[in-house]
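Below you'll find the structure, written out as structure tokens, and then a few comments.
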Protein chains: 2
Amino acid sequence: MSSRDEASLAQVLTSFRQVSEARSRSFSAQTGIPLARLGAPITFRLSRGCVALYRDLSDERRQILDVFGPGWVISGEHVDLHACRAMAICESRVEEIETEQNAEVINEAARRMLKRAQAHGLLLGRKTAAERVASTLLDLAGQFARHGYGRNSGQITFLLHLSHYELADWLGLTQETVSRCLSRLKRDRVIGFNQPELITIRDPQALRTLATGATPAA
Amino acid sequence: MSSRDEASLAQVLTSFRQVSEARSRSFSAQTGIPLARLGAPITFRLSRGCVALYRDLSDERRQILDVFGPGWVISGEHVDLHACRAMAICESRVEEIETEQNAEVINEAARRMLKRAQAHGLLLGRKTAAERVASTLLDLAGQFARHGYGRNSGQITFLLHLSHYELADWLGLTQETVSRCLSRLKRDRVIGFNQPELITIRDPQALRTLATGATPAA
DNA sequence: CGATAGCTTGATGTACATCAAGGGATGTGG
DNA sequence: CCACATCCCTTGATGTACATCAAGCTATCG
């Protein structure tokens with residue numbers, strides 16, 4: 001290798017490292033993640049952790065609009081920057097991506113988010129507290145299930161990154177109501193947990209039935 | 001203009017007319033509008049009328065996800081085709097558009113719908129009945145206000161295409177609660193109506209204050 | 001070891017749903 | 001033209017799912 005090649009390789013590595021360092025950031029639990037820089041929307045991919053999008057209302061009211069696990073593309077282009085915030089639920093790592101070069105990825109993310117927002121609209125508008133909690137457990141299991149872990153006999157175990165308070169703000173309920181619904185599901189052997197943080201779905205079919213609001217045994 | 005130019009212009013006009021005729025359809029009030037053909041999602045622009053997107057739950061529960069006025073681009077690509085339906089609220093006309101040639105228009109529509117869905121999530125999850133009704137009146141006024149009609153002194157008059165029952169299904173309430181909220185607003189002189197179909201916003205600022213959930217006179 | 005934060009469970013309150021009855025508009029058949 | 005029905009809106013009385021208030025429990029941490 002010529003000294004000139006070495007020089008340009010070093011240059012490439014340096015610039016890669018700069019980009020990589022500039023574009024990848026960690027956020028600790030409960031910290032805000034900016035969705036814009038100098039007023040312009042930015043986009044990133046979540047590589048580790050759990051991020052929530054939310055909006056605040058006057059007084060103490062807050063609504064979590066959606067919760068994302070690893071792999072999701074989250075963009076300031078997809079929210080009202082004046083009203084909407086993002087925060088890390090737990091320690092999280094994000095990699096910023098260029099808006100221009102990733103247009104199709106970003107558009108696809110918007111369509112997925114839109115469908116989720118519609119399903120959540122149905123949940124908030126028409127489901128009972130028990131149905132909301134059941135639906136959300138299934139959703140979180142899908143995003144955070146530990147693959148090949150407790151998946152025997154159809155059971156699924158996952159880390160519930162959200163506190164009951166955060167769940168409540170997502171589901172349009174209160175912390176106490178969430179707790180009561182979870183206790184009920186545990187008592188009925190549909191789910192199981194020792195710490196409230198680690199949840200096992202013991203009867204996925206029963207949970208699905210509850211989530212879709214089937215009338216209990218006509 | 002050369003004869004060749006004339007020929008190609010005629011060709012363009014003809015093909016435009018053919019497309020236009022083939023692609024434009026009317027729907028009477030309360031009829032479903034298909035969002036797919038042969039299983040594939042289709043897209044159209046609403047040129048006249050009012051269209052609602054909705055989902056049904058078990059038993060009698062229904063949630064209207066959004067309501068669109070003229071100009072909106074509505075696409076089967078933006079919904080879960082297995083769960084979501086569209087219907088004409090009043091006599092409506094739509095023009096189908098090609099998915100391929102209009103990708104950017106369709107993506108832009110998705111982003112707008114997403115932001116609306118987020119605002120509606122806040123409404124459904126955290127707003128009181130009175131706040132929901134106030135927010136929705138402002139939204140509908142924006143979409144259906146008759147320009148240069150009753151806009152003196154900031155007042156806005158518009159046709160409320162939705163029945164109270166439909167409003168309730170949009171706002172996650174009941175018909176009776178919607179009626180009570182509207183009656184209250186009328187009694188308080190914030191809005192006015194003789195037929196329930198034609199509404200005038202008499203005090204837009206008061207309505208905006210109500211909609212954002214400001215605490216009433218601390 | 002006290003302090004703080006989150007979870008649980010019980011007692012009570014309330015915003016909205018449900019049930020109910022009546023009225024005005026529009027339509028239809030005799 | 002007039003019953004008569006139907007649909008939607010309105011308003012009142014009552015019921016209830018969830019919120020609020022409250023107290024104790026457990027785990028984590030400085």
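Below, chains carry the letters A, B, ... as their sequence lines are ordered, and counting in each starts from 1. Predicted model only: the values in this text are computed from it and were never measured.
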Side chain [X], main chain [Y], donor-acceptor under 3.5 Å:
X	Y	value
B:S92	B:C50	yes
B:R132	B:K127	yes
A:S179	A:Q175	no
B:T43	B:T99	no
A:R126	B:R61	no
A:Q143	A:V67	yes
A:Q63	A:W170	yes
A:S135	A:E131	yes

Specify the separation, in whole Å, of atom [atom1] of [X] and atom [atom2] of [N].
X	N	atom1	atom2	answer
B:D59	C:dA17	CG	P	15 Å
B:N194	C:dA25	CG	P	11 Å
B:Q195	C:dT26	CD	C1'	14 Å

**Asked** For B:L160, which residues count as a side-chain contact (heavy atoms from CB on, under 4.5 Å) partner, sequence neighbours excluded?
**Response** B:L140, B:F158, B:L167, B:I199
**Complete:** In terms of heavy-atom contacts, B:T212 and A:S58 come closest through O-OG, 3.4 Å
**Item:** ring pair (Phe, Tyr, Trp, His ring centres under 6.0 Å): pairs with one or both residues in residues 25-51 of chain B, sequence neighbours excluded
**Value:** none
**Prompt:** When the C1' atoms of the five terminal pairs at each end define the local axes, what inter-axis angle does the helix from C:dC1-D:dG30 to C:dG30-D:dC1 show, to 10 degrees?
**Reply:** 30°
**Complete:** Quick tally for nucleotides 23-30 of chain D: nucleotides whose base has a protein heavy atom under 4.0 Å get B, sugar-phosphate-only ones S, the rest -, giving --------
**Prompt:** Should the pair A:E166-A:R62 be classified as a salt bridge under the 4.0 Å nitrogen-to-oxygen rule?
**Reply:** no
**Request:** Measure the shortest side-chain to side-chain distance between B:L65 and B:C84 over non-hydrogen atoms and say whether it is less than 4.5 angstrom.
**Result:** yes
Table of protein N/O atoms under 3.5 Å from nucleotides 3-8 of chain C N/O atoms:
| residue | atom | partner | partner atom | Å |
| --- | --- | --- | --- | --- |
| C:dC7 | OP1 | A:H164 | N | 3.3 |
| C:dC7 | OP2 | A:H164 | N | 3.0 |
| C:dT8 | OP2 | A:H164 | ND1 | 3.1 |
| C:dT8 | OP2 | A:S179 | OG | 2.9 |
| C:dT8 | O5' | A:S179 | OG | 3.4 |

So which protein nitrogen or oxygen atoms get under 3.5 Å of nucleotides 12-16 of chain C's nitrogens or oxygens?
| residue | atom | partner | partner atom | Å |
| --- | --- | --- | --- | --- |
| C:dC16 | OP1 | B:A129 | N | 2.8 |

